[in-house]
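Notes follow the structure.
Values below: every heavy atom of this structure, side chains too, minus hydrogens, waters and symmetry copies. We name chains A, B, ... by the order of the sequence lines, and we start the count at 1 in each one.
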Amino acid sequence: MKVRTRFAPSPTGYLHIGSVRTALYAWLYARHHGGEYILRIEDTDRERSTQAAVDAILDGLAWLGIDSDEPPVYQTQRFPRYAEVIERMLAEGTAYRCYCTKEEIEAMRAAAQAHGEKPRYDGRCRAGDRYRPDVPPVVRFKNPLDGEVVVDDLVKGRIVFANAELDDLVIARSDGTPTYNFTVVVDDADMRITHVIRGDDHVNNTPRQINIFRALGETPPAYAHLPMIHGPDGTKLSKRHGAVNVLEYREMGFLPQAMLNYIARLGWSYGDQEIFTIDELIRYFDLDRVSRSAASFDPMKLLWVNQQHLMRTPVEQIAPLLEEQLRRQGLDPRNGPPLELTIEALRERSQTIVEMAERAHCYYEEFEAFDEKAARTHLTAAARDVLVALKEALAKVGEWSENAIEEAVKGVAEGLGLKLGKVAQPLRVAVTGQAASPGIGVTLVLVGRERAVERIERAIRYIEQQEVKAGGEGRG
RNA sequence: GCUCCCUUCGUCUAGCGGUCUAGGACGCCGCCCUCUCAAGGCGGAAACAUGGGUUCGAGUCCCGUAGGGAGCGCCA
C-alpha cells in the first residue's frame, strides 16, 4: 500500500517551528517511502481561523519547499460530508443525541472528580430516552464500554488505553457543526491516510479516534507521535525565546535548506552526521530514528548549521538572496564587485545572509569613518610610509588580481624589512575601515583598484591630520 | 485528582546486554595554521535522574521513587 501522510494545521496564527517539524517529518516520511503528502487546513473553528493565517502557513511551507502532492483540503468545504457521516452513525446506532444541559454536564464532571476520577460524561443519554423539545441536542459517539485500545505508535512504542477511561465525546455540536476528533477521522479515512504523524499532545485523542474509525468500519492508520520542541531553557517554546514564526527566519537571513536540516536533526539523527542536503534527508529519514523525548531549540547551533550550508550551497543560488539583502540594507549591488566574488569571500565568515550583507558594505559604498580602535592601532605615524610605499607598489600591479596584489604587498613588506602583518593590517584598515576582512588580496579585488587607491590616499591624509593634532596639543 | 508520555555532557544526540575507562556535534577553553577575522586541524573540561530487581554481566530489560510534560471542551 502506498504511504500517504498529511500535515493538518489549524490556521489560527503563524507557522510555528514545532509545526514545521511535524510537517517536515510527514513530508520526509512520504518522500522516503515513495508515497504522498497532503496539506489539510483544519479551519472548522471559524472564530479563530483567518485567511492571513492560511497564507502564512502556505508561504512558510512554500519557502521551505514542503510541497503537497494534491491541492490542500479545507475542512470548511467538507461540512456536507461530515453531516452525512453523522446521520449514518445515528442510523447505525454508533452515535446518539444527547439532551443534557451545560449544568448537568458540569455537575457530572464535578461528581467524577469528587470520586477521584477524571471529569467525564456518564452516558446517561445513551439509551435514547431523554428527548427534550426545549434543548437542542449534541451528537455523541458511543464509545465501547470495556476492553482496551492498543496503539503501536511508531515513535513511542505500544501504548494501551482502557475504554473505561474514555467517555462519549461530542461529535456534533448543538448547531450541527462537527468537532475536531470526528472530522479528523472522517478526513483521514476519506483521504486514505496511512500514517498519521503529529505532535504528541494528540496521543490521548488517539484511542477515541481509533474507536471512531472502527465504528465507521474503517481500518485505522498507523500513528507516530512526535515529542514537543522546547525553548533553550527547557520550557515551552515561545516568543520570549526569539522567533517562533518560521518566516522570521527568512528575514533573519537563514537558508531554507539549513532550517530543514536543523529542524530535522531536532529529534532525529542519522549516526554522527550533522549536515544534510534535502536529498540526504529524504534518503535517510525514517520514524524509527526519531527520539521519544522533547528537544530544546538551540539558536546557536542553528546559526552554525546555516553557516555550514552557506559554505556549501552553490554561489549562484545565494547570489539572488544576497542581492535582495544588500538592497534592503540600502546598498546598490551594481556599485561594487560581482556578487559571486563577494559570496566566495564572505561565506565562511558569515552565519546569515544578513551578516554577509553587513560585512559587504565597504565594497558597495564609501564608509563614513575608520573604525576607531582599528585606526588607533594600525593607522599610526609609522604606517604612513608603509601606505605610501603600498600605493606606489600597487600602482605598478598589472592585472588587478588576488595573486598580483599579494605579491606587491609582500614585496613592500620585504623592501621595508617589516613583517607582513605590519603592512597588511594598515592596508586593510585603510581600504575597509575595519581591522578584519577576508585575505588582503581578495579584499583589494573586492574594493576595486580605483577605490583602493583613493582610500589609501585618504588614510595617508588621516594619519597626517592626526600628527598635526598631536603636535598642536604638544605645543599647547 | 485521573489517564498517558518522557528522563545519557549546558544543548542536539550515538548507544538497540558484554566492543562504554560512554562516541559525535553546537557552545566554552587551549594549541596549531596565519596578513586580520573566519574556516579548518588537534587537544581539554562536561552526562547515563534515583532506589531496587533480572542476569555471569545493565546506559541498554523489569518494578518503584523523584522530576518534567501532555490530555481530561459543544478548541483544534
Side-chain angles (χ1 to χ4, degrees), chain A residues 8-12 42-45 47-49 75 98 102 105 109 112-120 136-140 151 153 156-157 159-162 165-167 169-175 177-181 183-184 199-207 225 227-228 230 232-236 262 265-275 288-289 291-305 307-308 311 346-351 359 374 378 406 409-410 413 419-429 432 434-441 443:
Chain A
S10 53
T12 55
E42 308 220 322
D43 54 354
T44 52
D45 184 349
E47 303 274 298
R48 297 196 300 152
S49 299
Q75 290 192 319
C98 167
K102 302 224 160 162
I105 306 278
R109 287 205 250 265
Q113 288 252 41
H115 285 87
E117 287 168 13
K118 65 172 85 168
R120 47 205 270 260
V138 298
V139 177
R140 286 185 186 272
V151 183
D153 193 280
K156 307 249 177 197
I159 308 172
V160 180
F161 298 89
E165 290 293 335
L166 274 26
D167 64 356
L169 65 293
V170 171
I171 59 174
R173 305 182 181 98
S174 48
D175 66 359
T177 58
T179 61
Y180 170 75
N181 279 111
T183 58
V184 166
D200 70 0
D201 47 336
H202 288 291
V203 283
N204 292 293
N205 288 327
T206 307
H225 286 98
M228 298 195 56
H230 289 156
D233 59 356
T235 63
K236 194 173 173 185
Y262 177 71
R265 270 291 279 104
L266 205 52
W268 171 82
S269 63
Y270 186 76
D272 287 340
Q273 191 168 341
E274 297 286 350
I275 302 302
D288 57 2
R289 304 196 65 88
S291 76
R292 302 193 298 180
S293 52
S296 290
F297 187 86
D298 181 359
M300 298 287 273
K301 188 153 182 178
L302 203 212
L303 246 10
W304 177 78
V305 170
Q307 178 169 24
Q308 292 297 313
M311 291 190 293
L346 297 177
R347 69 200 319 191
E348 64 190 29
R349 356 180 102 72
S350 311
Q351 295 192 299
R359 287 180 186 281
H378 299 294
E406 280 178 9
V409 174
K410 279 177 188 154
K419 284 206 272 187
L420 189 51
K422 289 286 178 196
V423 177
Q425 277 306 85
L427 177 56
R428 171 170 282 114
V429 176
T432 68
Q434 306 290 323
S437 85
I440 198 65
T443 296

Separation of the [atom1] atoms in [N] and [M], to the nearest angstrom:
| N | M | atom1 | answer |
| --- | --- | --- | --- |
| C42(B) | C33(B) | C1' | 11 Å |
| C63(B) | A25(B) | C1' | 35 Å |
| G23(B) | G30(B) | P | 23 Å |
| G59(B) | C16(B) | P | 13 Å |
| C20(B) | A58(B) | C1' | 11 Å |
| G1(B) | C9(B) | P | 28 Å |
| C72(B) | G10(B) | P | 34 Å |
| U34(B) | G67(B) | C1' | 50 Å |

May I ask you to say what [X] touches in the nucleic acid, namely base, sugar-phosphate or nothing, with a heavy-atom cut-off under 4.0 Å?
| X | answer |
| --- | --- |
| Thr44(A) | sugar-phosphate |
| Ser350(A) | nothing |
| Gln351(A) | nothing |
| Arg109(A) | sugar-phosphate |
| Pro207(A) | nothing |
| Ala435(A) | base |
| Asp167(A) | nothing |
| Ser174(A) | base |
| Gly439(A) | base |
| Ser269(A) | sugar-phosphate |
| His115(A) | nothing |
| Phe161(A) | sugar-phosphate |
| Gln113(A) | base |
| Gln307(A) | sugar-phosphate |

For atom [atom1] of [X] and atom [atom2] of [N], their distance in whole Å:
| X | N | atom1 | atom2 | value |
| --- | --- | --- | --- | --- |
| Trp268(A) | A25(B) | CH2 | P | 17 Å |
| Tyr180(A) | C74(B) | OH | P | 15 Å |
| Leu303(A) | A38(B) | CG | C1' | 14 Å |
| Ile159(A) | A70(B) | CD1 | C1' | 11 Å |
| Lys410(A) | U34(B) | NZ | P | 11 Å |
| Lys236(A) | G71(B) | NZ | C1' | 12 Å |
| Leu346(A) | U36(B) | CG | C1' | 14 Å |
| Asn204(A) | G69(B) | CG | P | 16 Å |

Of the candidate nucleotides [options], which contains the atom at the shortest distance from the side chain of [X]?
| X | options | value |
| --- | --- | --- |
| Glu274(A) | G27(B), G24(B), C74(B) | G24(B) |
| Lys301(A) | C5(B), G27(B), C12(B) | C12(B) |
| Asp201(A) | A70(B), U3(B), U11(B) | A70(B) |
| Leu420(A) | G27(B), U13(B), C35(B) | C35(B) |
| Leu266(A) | C12(B), A76(B), C35(B) | C12(B) |
| Arg292(A) | C6(B), C26(B), A70(B) | C6(B) |
| Gln425(A) | C4(B), U13(B), C35(B) | C35(B) |
| Lys156(A) | G71(B), G23(B), C6(B) | C6(B) |
| Arg265(A) | C12(B), C5(B), U36(B) | C12(B) |
| Arg349(A) | C26(B), U36(B), G24(B) | U36(B) |

### Task
Output yes when at least one side-chain N/O atom of Arg120(A) is less than 4.0 Å from OP1 or OP2 of G71(B), else no.
no

#### Entry: Side-chain N or O of Ser437(A) closer than 4.0 Å to phosphate OP1/OP2 of U36(B)
no

### Message
Please compare Glu117(A) and His230(A) by the position of their nearest nucleotide in RNA chain B and report the one closer to 5'.
### Response
Glu117(A)

### Message
Go nucleotide by nucleotide along RNA chain B from the 5' end; which of Pro438(A) and Val203(A) gets its closest nucleotide reached first?
### Response
Val203(A)

Could you tell me which non-hydrogen atom of [X] sits nearest to which non-hydrogen atom of [Y], and how far apart they are?
| X | Y | answer |
| --- | --- | --- |
| Asn205(A) | Tyr180(A) | ND2-CE2, 4.0 Å |
| Ser291(A) | Pro227(A) | O-CG, 3.3 Å |
| Glu406(A) | Gly441(A) | OE2-N, 3.5 Å |
| Lys301(A) | Arg265(A) | NZ-NH2, 4.4 Å |
| Gln75(A) | Thr183(A) | NE2-OG1, 3.3 Å |
| Ala295(A) | Gly267(A) | CB-N, 4.5 Å |

### Message
With a 3.5 Å cut-off and heavy atoms only, can you find an N or O donor on one side and an acceptor on the other between the side chain of Arg428(A) and the base of C35(B)?
### Response
yes

### Message
Using a distance-only criterion (donor-acceptor N/O pair, under 3.5 Å, no hydrogens), is the base of C74(B) paired with the side chain of Thr179(A)?
### Response
no

Identified pairing partner of [N], criterion: Watson-Crick or G-U wobble below 3.5 Å:
| N | result |
| --- | --- |
| G64(B) | U50(B) |
| A25(B) | U11(B) |
| G18(B) | C56(B) |
| C33(B) | none |
| C4(B) | G69(B) |

### Message
Under 3.5 Å, is there a donor on one side chain and an acceptor on the other for Thr443(A) and Ser437(A)?
### Response
yes

### Query
To the nearest 0.5 Å, how far apart are OG1 in Thr179(A) and CG in Leu169(A)?
6.0 Å

### Message
Measuring from atom CD of Gln425(A) to atom NE2 of His378(A), what distance do you get when rounded to the nearest 0.5 angstrom?
### Response
4.5 Å

### Message
Taking Pro438(A)'s backbone N and O only, do any of them form a donor-acceptor pair with Arg428(A)'s side chain (distance below 3.5 Å, no angle check)?
### Response
yes

